[in-house]
Amino acid sequence: MTHTENNLPPGVSLPRPLMIAAFIFLRRRVVRLARKRYGPTFTMDLPTLGPSVFLTDPVLIRQLFTTGPDLIGNTQPNLGRVLGPGSFFNLDGEDHRRQRKLLVPPFHGRRMKAYESIIEEETLRETANWPQGKAFPTLPSTMRITLNAILRAVFGAEGAHFTALRELLPPMVSLASRLAILSNLAGVLGYERAWERYRGYRRRFDAIVSELISAAESDPDLDLREDVLSLMLQARYDDGAAMSHSDIGDQLYTLLAAGHETTATTLAWAFERIRRHPALLERLVREADEGGSELRQATFIEVQRTRPVIDQTGRRVKAEHLKLGEWIIPKGYNVIASIGMVHTNESVFPNAAAFDPDRFVGAPPDSYSWIPFGGGTRRCIGAAFATMEMDVVLRTVLRCFTIEPTSAAGERWHSRGVAFAPAKGGKVVVHRRSRA
C-alpha cells in the first residue's frame, strides 16, 4: 500500500500559533466544534502530539481498543516524559504487558477491603474540620483525602516519610500536569526553569522512595504487609526477576499522579452535581443510611460521563497503515478516542446533556462508549481502586452531613493542565447530622 492510498478524515487546519493557543486554552471547545463541522471522525495537527485522528464513534473506538499491540502502541510523546521511563505511560508492547501482569493483583480481591478502611479514616479525619452553614470548595479536601489514602495504601508511608511526601507531592503533581501539556513547547514559552524545578522535586521524591524501599526490605513482616510498595518488592516476573527500584519508583509515582488528582476531581464534580439535583440527593442519603450502594455507584458513572476529568485517550500507529472503518491511517499518527465527545453521543446516551444517574441503575455502561478509564490493554490499572475510593468518601460524607441543595448554575469547567475541574472547586454547604 502506498502513501497515496492513505484515507484520512477531514480536519482542522489552523496556523501553528493559533493551534497552540487553541489547544492550551480552548481544547474542549475546539474538539466540539471540529466534531460539529467535520463529523464523528476528524484530523488535527496537535502542538504536543502532532498529526492525530480523533474518534467519537463507539464502533471505531471499540476497533481501536481491540487492535493488537503489533499494529498500535502508546501515544508519543506521552506522560512518561514527566512520570519516568519505568512508568506505565512510557512502556509499550511486551514491557507494558509484563508490568501490568505484575501490578494487577494489588488492586483486586481481599486487599481492596483493607484499603477501604484507610479511605474511611482519612475521610473522617478531613471532614472533622469542615465548616457548617458556609459554602466552601470540596476539591482541596478531596485532594487531601485521596493523597493521604494513596500514601498509606500504595506507598505504605507513615511518620516522617508520610509528612515529607504529603508536602512534596501536591506542587510536584500540579507542575507535572502542566508540563505534560506544554513540555515540548518549553523552549518557546520559557519553561526551562519550570523543568529544572520539577527535576528538583523528582530528586527529592526518589530519595524518599529509596528510604521507603530500604525500610520495607528490612521489615521482618514484609510478607504480611498490604501496601502496594511491599507487594511490588515481593512480586516476580515470569523469569523470576524482581522489579528494579527505579521502576518501582516510577510506578509508585504513576499510580499517585494518575489516581490522586483524577479521583479527587471526580469527587468534587460529584458534590457539584448532586447539590443541583435535590431529589437525587435525598435518595442518595436514604440509600447510604440503609447500607445500599447501587444508586451511588450509578451516580459516579454518570458524573464521569457528563464531567470526565480527562478528555482523551489514545494510541499511536506502529504498522505502515491502520484501517479503522473507512479510514486508512499512516504510521506515526496518533489515534485519539475523544472521551468527552463519545460521552455526549446522543445515539448512545439519549438526552445526553441531562444528568441522570438512573440511566445506569441496573444497566452498567458499555466499555467502548463509557471510557473515563480508557480501554483495552491500557485501561487504567487503578480503576477499581478509584471507584471504591469515591464510593467510600461519598458514603461517609452522606452519613455524617446534610448537604444543602442549590439552584445556582452549574460550575464551569476549569483546566488544571491534564485534568478538568469545577471552576469553584465543587462548592458545598453542609451541616453535621446529629445522629452521625
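The figures that follow rest on heavy atoms only: side chains count, while hydrogens, waters and symmetry mates do not.
Residues E121 and R152 are paired through a salt bridge, judged by an N-O separation under 4.0 Å between the basic side chain and the carboxylate. Using a 4.0 Å cut-off between charged side-chain N and carboxylate O, K424 and E411 make no salt bridge. One finds a salt bridge joining R305 and E302 here, because a Lys/Arg side-chain nitrogen approaches an Asp/Glu carboxylate oxygen to under 4.0 Å. Checked for salt-bridge contact, R27 and D311 meet the test: a charged N lies under 4.0 Å from a carboxylate O. Salt-bridge formation is not detected for the pair R98/D238: no Lys NZ or Arg NE/NH1/NH2 atom is positioned less than 4.0 Å from an Asp or Glu carboxylate oxygen.
Residue S141 comes nearest to E126 through the heavy atom pair OG-OE2, 2.7 Å, listed as atom of the first residue, atom of the second, then distance. For D221 against D219, the heavy-atom pair with the smallest separation is N-OD1, 2.8 Å. Minimum interatomic distance between E116 and M388 (heavy atoms only, all atoms of both residues): CA-SD, 3.9 Å. T263 and A386 get closest at one heavy-atom pair: OG1-CB, 3.6 Å. The two residues E261 and A419 make their nearest non-hydrogen contact at OE2-CB, 4.1 Å. Taking all atoms of both residues into account, the shortest heavy-atom contact from Q234 to D223 is OE1-CA, 3.3 Å.
For the atom pair Q297 CD and D391 CG, the distance stands at 5.0 Å (nearest 0.5 Å). Expressed to the nearest 0.5 Å, how far CD1 of I150 lies from CG of L256 amounts to 5.0 Å. One distance of note links CG of L322 with CD1 of I328; it measures 10.0 Å at 0.5 Å rounding. How far CZ of R399 is from CG of L124: 10.5 Å, rounded to the nearest 0.5 Å. In this structure, CZ in R62 is found 5.5 Å from CG in D366, a value given to the nearest 0.5 Å. To the nearest 0.5 Å, the span separating CG on L151 from CG on D227 amounts to 11.5 Å.
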Review point. Which is it for F349 and S369 under the side-chain contact (heavy atoms from CB on, under 4.5 Å) test, yes or no, and what are the steps along the way?
Key: CA-CA 9 Å; F349 302 108; S369 56; 4.0 Å; yes
Practice item. May I have the step-by-step check of side-chain contact (heavy atoms from CB on, under 4.5 Å) for F54 and L46, ending in yes or no? Key: CA-CA 11 Å; F54 277 70; L46 300 179; 3.9 Å; yes
Exercise for review: Go through R202 and D250 one step at a time and tell me if the salt bridge (Lys or Arg N to Asp or Glu O under 4.0 Å) criterion holds.
Suggested key: CA-CA 10 Å; R202 183 59 200 251; D250 286 349; 2.5 Å; yes
**Study point:** Derivation of the side-chain contact (heavy atoms from CB on, under 4.5 Å) call for V430 and F136
**Key:** CA-CA 9 Å; V430 301; F136 67 95; 4.0 Å; yes
Practice item. Any chance you could lay out the salt bridge (Lys or Arg N to Asp or Glu O under 4.0 Å) test for E196 and R193, step after step, and finish with the verdict? Key: CA-CA 5 Å; E196 184 55 39; R193 290 182 182 177; over 6 Å; no
Exercise for review: Could you give me the CA-CA distance, side-chain angles and deciding distance for L252 and V154, then say whether side-chain contact (heavy atoms from CB on, under 4.5 Å) is met?
Suggested key: CA-CA 7 Å; L252 286 174; V154 176; 3.7 Å; yes
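Between the side chains of E389 and H260, no donor-acceptor pair of N or O atoms lies under 3.5 Å. The closest side-chain donor-acceptor pair between N74 and H96, if any, does not fall under 3.5 angstrom. Judged purely by distance below 3.5 Å, without hydrogens or angles, the side chains of Y368 and Q63 never pair a donor atom with an acceptor atom. Side chain to side chain, Q312 and S338 fail the donor-acceptor criterion of an N or O pair below 3.5 Å. For S87 and T254, the side-chain atoms include at least one donor-acceptor pair closer than 3.5 Å.
For the pair N334/V53, no side-chain contact is recorded, criterion being any heavy-atom separation below 4.5 Å from C-beta on. Considering only heavy atoms from C-beta on, H245 comes within 4.5 Å of E217 through its side chain. Residues L231 and L233 have side chains not in contact (no heavy-atom distance under 4.5 Å, counting atoms from C-beta outward). Using a 4.5 Å heavy-atom cutoff, the side chains of R97 and T377 are not in contact. The shortest side-chain heavy-atom distance between I213 and I248 falls under the 4.5 Å cut-off. Contact of the I72 side chain with the K318 side chain is not registered, since no non-hydrogen atoms from C-beta on lie closer than 4.5 Å. Using a 4.5 Å cut-off on side-chain heavy atoms (C-beta onward), K134 and V429 make no contact. A heavy-atom distance below 4.5 Å is found between the side chains of L169 and L147.
Applying the 6.0 Å contact sphere to CD of E404 captures more than 12 heavy atoms from other residues, nucleotides or ligands. The 12-atom threshold is exceeded at CZ of R236, counting heavy atoms of other residues, nucleotides or ligands nearer than 6.0 Å. More than 12 heavy atoms of other residues, nucleotides or ligands shown are found within 6.0 angstrom of NZ on K323.
Although no hydrogens or angles enter the test, the distance criterion places no donor-acceptor pair under 3.5 Å between the side chain of R273 and the main chain of F355. For the pair N90 (side chain) and P85 (backbone), a donor-acceptor distance under 3.5 Å is present. Q251 places a side-chain N or O within 3.5 Å of a backbone atom of F88 that can act as its donor or acceptor partner. A donor-acceptor pair under 3.5 Å is formed between the side chain of T163 and the backbone N or O of G159. In terms of modelled atom types and a separation under 3.5 Å, the side chain of T387 and the main chain of A383 share a donor-acceptor contact. S117 contributes a side-chain N or O that, together with a main-chain N or O of A114, makes up a donor-acceptor pair within less than 3.5 Å. A distance-only check finds a donor-acceptor pair linking the side chain of Y198 to the backbone of V82 [under 3.5 Å]. The backbone N or O of V335 lies less than 3.5 Å from no partner atom in the side chain of R316, so there is not a single donor-acceptor pair. Judged by distance alone, the side chain of S210 and the main-chain N or O of D206 form no donor-acceptor pair under 3.5 Å. A donor-acceptor contact shorter than 3.5 Å is absent between the side chain of S230 and the backbone of E226.
Under a cutoff of 6.0 Å and an axis angle of 45°, R307 and W269 form a cation-pi pair.
For the side-chain contact (heavy atoms from CB on, under 4.5 Å) criterion with F155, the lone passing option out of L165, I208, V228, L255 is L165.
Note: F271 and W130 have perpendicular aromatic rings, judged against thresholds of 30 and 60 degrees for the angle between ring planes.
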Please set out all donor-acceptor pairs under 3.5 angstrom arising from side-chain atoms of residues 29-42, sequence neighbours excluded.
{"unit_1": "R35", "atom_1": "NE", "unit_2": "T56", "atom_2": "OG1", "d": "3.2"}
{"unit_1": "Y38", "atom_1": "OH", "unit_2": "G11", "atom_2": "O", "d": "3.2"}

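Between H414 and F420, the ring center distance fails the sub-6.0 Å criterion.
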